[in-house]
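Taking it in order: structure first as structure tokens, then the write-up.
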Amino acid sequence: MIEKYSFGQPIDTGAVVLTISQSAQPFHLMQLTKSDKGIALSCQMNAEDVVYGLGEQVRGINKRGFTYISHATDDPFHLENKHSLYGAHNFLILSRKNGGSFGIFVDDPARVVFDVGETDMDRLSITAGCDCAIYTIEGGSLKEIVKQFRELVGTSYIAPKWAFGYQQSRWGYACAEDIREVVKGYHDKGIPLDAVYMDIDYMENFKDFTVDAEKFPDFEQFVQEMRAQGIHLVPIIDAGVKIEEGYSIYEEGVQNHYFCKDEDGEDFTGAVWPGKSHFPDFLNAKARAWFGGKYKLLMDQGIDGFWNDMNEPAIFYSEKNLKQVMEEVAAMKDENLDLHLFYHMKGLVDGLSNNEDDYRRIWHNMDGVKVCHDQVHNLYGYNMTKAAAEAFDQIAPEKRTLLFSRSSYIGMHRYGGIWTGDNASWWSHLLLSIQQMPSLNMCGILYTGSDIGGFGADATEDLLMRWLEFGIFTPLMRNHAAAGTREQEAYRFAQTKDFRNIIRMRYSLLPYIYSEFMKCALKNEMYFRPLAFDYPQDAHAPQVEDQLMVGDSMMIAPVYRQNATGRYVYLPQEMLMVRMRSPEDRSFQRMEQGHHYVDVALNEVIIFIKKGHMIPLAAVDENVRSTADLDDVQYEWIGFAEPTAEYVLYEDDGISKQYTPQSEWKKVVRTKEQLAL
């Protein structure tokens, strides 16, 4: 049962697609306090209660013990003390052991604070603004609560099938020759690859929708050259538009008032990659249509995938704030900078980027209503991606286009996926990626993944291998690194054969991964789930934070510790462990319910198949260089038959929006003798 409660005059965020009338009963699940600063909700938590959700955040699957702030933030240092990352996903479930579990969604695009037992270990407290809508969901299991919420906010974005292949990115592919070298490196080593990304280097002086003609001569022909090799090129699009006379995007935006304004009614000026820039007013329908239409400039040259970045929005500095800081720092020129003065000066400079005062200087025209940015901050990246998706519906209406974003809000999942932002080559960030996946799925974000190997810092060979072994299962499987870090393309390392086999495993598992993703998208379900969602009566399941259910048939237990040669695994039921060293090199072990220590060599992947279930595997021989080369007719089947195993297979053409109706999904049954064991 879904109840809606409105306070003040809520902004229509577009998050909700169902029409829910204001509840006639008073708010009852939590204690409600209203003031001129906003609303506050709180309730007691029992010792065994678990809190799930909040999408893209730090820490574990159970969110108890910390305060999380929904405020889209450009911060690459994803440490345990950070309260905000790039997205704002205001949905959580309070899971109570003895009944009374409920979900709550706070539809407020400004700052929302979730104190999940930090101030008081046994109290959940939520604070939001004066103008917001709150939706509560009661009744049923954790899965049913999520399904109701997902129906409330709409069907998840579906990427083209090629975007489920392995993808390579790096900030620093500066020209066409660099990309050719990467493609050749993968192909020479026999490692499948479907896409190469183009970071800001491809642009002409960091200008959106431009291509540097010297670095990429005859770009359209280059796109086709790559396509002939099975490679899709995926360029970045940033939120800031360079201020430059003669640059048509800038001039059109100024002329038609498509940019955000400052408090004086002038186009707001802040700096990003190109220096001084204006920011499209994505909360304005006309500006969205204008900016979205510009993607056609690249689509006309053969591009069929994009990633939107820097759209919190990230601001290096604003013109006004920079002037004030420079004047204050200049006044210190002859001062004796003691401890306090030095750190004051340092704080002034460090505070230039993504400054809250700057966000309060930005104003939007929300289709005739003037709104200060800090009241709708979390909608900016969402609406940039919405602008692109709406344009794709006009430019290529029958075709799926790859699209994902760094910043997001509930509702953006209908238009594109996300990646989890600028992480680092740290083992702790591999674990963080594992733990973020089910929370993002709860919020409707199914097409997601992290920067495999880590974006910042230097990836070690063993870290990249273990990360890829988890990344096999994430819908977005992208290796991405920052300029100046160690080159981490899989073919560059000594254990090339092992990397090749791991990535080939992804392609072998792709029939299962794609089928389960599509079923979850079309049925409003979760692709990644905590064990407690599938085993609600199991007292141990809520304590397991490093294993995930993947689709209907499988559980995974990735290795995420440096130098580990195995790990402890908890099995909530009897399962079949499959040990894979390549698509062809497999061994099987039937394992009882309970606690186990499992050896896992650096070049091995282990999966666990539930009793009565099976999974399809595609053949991946030396001729498979991309998803286009996979045989989608002949599959091997592996599973745990007692006495039979079943699977419901989803298949489609992988590119059109003509999705297969549920009545045509194929139920496959095999006996033990018919399985490839």
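- Aromatic ring centroids of Phe222 and Tyr202 lie 6.0 Å or more apart.
- Annotation for Leu233 and Ile179: closest pair CD2-CG2, 4.0 Å, computed over non-hydrogen atoms.
- Ring planes of Phe455 and His480: tilted class, angle from 30 to 60°.
- In summary, of the residues considered (Tyr68, Phe114, Phe66), a ring-ring contact (aromatic ring centres under 6.0 Å, His included) with His83 occurs for Phe66 alone.
- Met442 contributes atom CE, which lies 9.0 Å from atom CD1 of Ile410 (distance to the nearest 0.5 angstrom).
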Inset, instruction - Evaluate side-chain hydrogen bond (donor to acceptor under 3.5 Å, both in side chains) for Asn378 paired with Ser70, printing each intermediate quantity in order. - result: CA-CA 8 Å; Asn378 293 327; Ser70 284; 5.5 Å; no
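- Contact annotation: the side chain of Arg361 approaches that of Asn321 to within less than 4.5 Å [non-hydrogen atoms, C-beta and beyond].
- Side chains of Phe282 and Tyr382 form no contact here, defined as non-hydrogen atoms less than 4.5 Å apart.
- Among Thr385, Thr420, Asp422, the one residue that satisfies the side-chain hydrogen bond (donor to acceptor under 3.5 Å, both in side chains) test with Arg406 is Asp422.
- The CZ atom of Phe209 lies 4.5 Å from the CD1 atom of Ile237; values are rounded to the nearest 0.5 Å.
- Closest approach of Ala174 to Phe216, counting heavy atoms only: O-CE1, 3.9 Å.
- A distance-only check finds a donor-acceptor pair linking the side chain of Glu604 to the backbone of Ala601 [under 3.5 Å].
- Counting heavy atoms from C-beta on, the side chains of Tyr317 and Val325 never come closer than 4.5 Å.
- For the pair Arg500 (side chain) and Gly190 (backbone), a donor-acceptor distance under 3.5 Å is present.
- Rounding to the nearest 0.5 Å gives a distance of 10.5 Å between CG of Asp462 and CD of Gln495.
- Between Thr448 and Gln436 the shortest side-chain heavy-atom distance does not fall below 4.5 Å.
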Legend entry - Chi angles and distances behind the side chain to side chain contact (heavy atoms under 4.5 Å, CB included) call for Tyr186, Val182: CA-CA 6 Å; Tyr186 275 101; Val182 169; 4.0 Å; yes
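- For the atom pair CH2 of Trp467 and OG of Ser425, the computed distance is 6.5 Å after rounding to the nearest 0.5 Å.
- Taking the six-membered ring for Trp and thresholds of 30 and 60 degrees, Phe259 and His278 have ring planes inclined between 30 and 60 degrees apart.
- Between Arg561 and Asp546 there is no salt bridge, since none of the side-chain N atoms of the basic residue sits less than 4.0 Å from a carboxylate O of the acidic one.
- Checked by atom type and distance alone, the side chain of Tyr173 never pairs as donor or acceptor with a backbone atom of Arg180 at under 3.5 Å.
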Legend entry - CA sep, side-chain torsions, deciding dist, call: Tyr166, Asn479, side-chain hydrogen bond (donor to acceptor under 3.5 Å, both in side chains): CA-CA 8 Å; Tyr166 179 63; Asn479 178 338; 3.3 Å; yes
Inset, instruction - Decide yes or no on side-chain hydrogen bond (donor to acceptor under 3.5 Å, both in side chains) for His413 and Ser408, but give the supporting numbers first. - result: CA-CA 8 Å; His413 69 283; Ser408 60; over 6 Å; no
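- Using a 4.5 Å cut-off on side-chain heavy atoms (C-beta onward), Tyr560 and Arg567 make contact.
- Between the side chain of Gln167 and the main chain of Tyr197, no donor-acceptor pair closer than 3.5 Å is present.
- Judged by distance alone, the side chain of Asn355 and the main-chain N or O of Asp357 form a donor-acceptor pair under 3.5 Å.
- Side-chain contact between Leu464 and Ile452: present, with at least one pair of heavy atoms (C-beta onward) separated by less than 4.5 Å.
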Legend entry - side chain to side chain contact (heavy atoms under 4.5 Å, CB included) between Asp309 and Trp419, worked out: CA-CA 10 Å; Asp309 199 3; Trp419 90 104; 3.6 Å; yes
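- Counted within 6.0 Å of CD on Gln543, heavy atoms from surrounding residues, nucleotides or ligands total 12 or fewer; the atom is thus considered open.
- Taking the charged nitrogens against the carboxylate oxygens, Glu319 and Lys276 do have a contact shorter than 4.0 Å, which makes a salt bridge.
- Taking 4.5 Å as the limit, every side-chain heavy atom of His232 sits out of range of all side-chain heavy atoms of Pro160.
- Without hydrogens or angle criteria, Asp451 side chain to Asn423 main chain gives no donor-acceptor distance under 3.5 Å.
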Inset, instruction - Please report the C-alpha distance between Met203 and Lys207 in whole Å, then the side-chain angles of each, then the deciding distance to 0.1 Å, and finally whether the side chain to side chain contact (heavy atoms under 4.5 Å, CB included) criterion is met. - result: CA-CA 6 Å; Met203 300 177 184; Lys207 292 184 291 187; 5.5 Å; no
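- Taking all atoms of both residues into account, the shortest heavy-atom contact from Ser433 to Ser450 is OG-OG, 2.9 Å.
- Atom CG of Asn441 sits about 13.5 Å away from atom CE of Met549, to the nearest 0.5 Å.
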Legend entry - Worked check of side-chain hydrogen bond (donor to acceptor under 3.5 Å, both in side chains) between His344 and Glu328: CA-CA 10 Å; His344 175 64; Glu328 191 167 348; 2.8 Å; yes
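- Smallest separation of non-hydrogen atoms from Val559 and Arg466: CG1-NE, 3.5 Å.
- Ring geometry for Phe291 against Tyr295 counts as perpendicular: the plane angle is over 60°, on a 0 to 90° scale with 30° as the lower cut.
- For the pair Ile61 and Pro530, the tightest heavy-atom approach, listed with the atom from each and the gap, is CG2-CG, 3.9 Å.
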Inset, instruction - Might you work through the salt bridge (charged side-chain N to carboxylate O under 4.0 Å, His left out) test for Lys184 and Glu181, ending with a clear yes or no? - result: CA-CA 5 Å; Lys184 184 176 186 299; Glu181 177 191 337; over 6 Å; no
Inset, instruction - Give the C-alpha distance, both sets of side-chain angles, the deciding distance and a yes or no for salt bridge (charged side-chain N to carboxylate O under 4.0 Å, His left out) between Glu356 and Arg111. - result: CA-CA 12 Å; Glu356 291 300 313; Arg111 187 184 301 263; 3.3 Å; yes
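- Residues Asp201 and Gly172 share a closest heavy-atom pair of OD2-N, 3.0 Å.
- Proximity of a side-chain donor or acceptor of Thr565 to a complementary backbone N or O of Asn563 within less than 3.5 Å is not detected.
- The closest side-chain heavy-atom distance from Phe404 to Trp307 is below 4.5 Å.
- Separation of the Tyr447 and Phe164 ring centroids falls under the 6.0 Å cut-off.
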Legend entry - Derivation of the side chain to side chain contact (heavy atoms under 4.5 Å, CB included) call for Thr73 and Tyr86: CA-CA 5 Å; Thr73 303; Tyr86 306 97; over 6 Å; no
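- No side-chain donor-acceptor contact under 3.5 Å links Ser626 to the backbone of Asp194.
- The existence of a salt bridge linking Arg170 and Asp199 is excluded, since no basic side-chain nitrogen approaches an acidic carboxylate oxygen closer than 4.0 Å.
- Using cut-offs of 30° and 60° on the angle between ring planes, the pair Phe279 and Tyr380 is perpendicular.
- Ile418 CD1 to Leu446 CG: the interatomic distance, rounded to the nearest 0.5 Å, is 11.0 Å.
- Between Asp208 and Lys294 there is no salt bridge, since no side-chain nitrogen of the basic residue lies less than 4.0 Å from a carboxylate oxygen of the acidic one.
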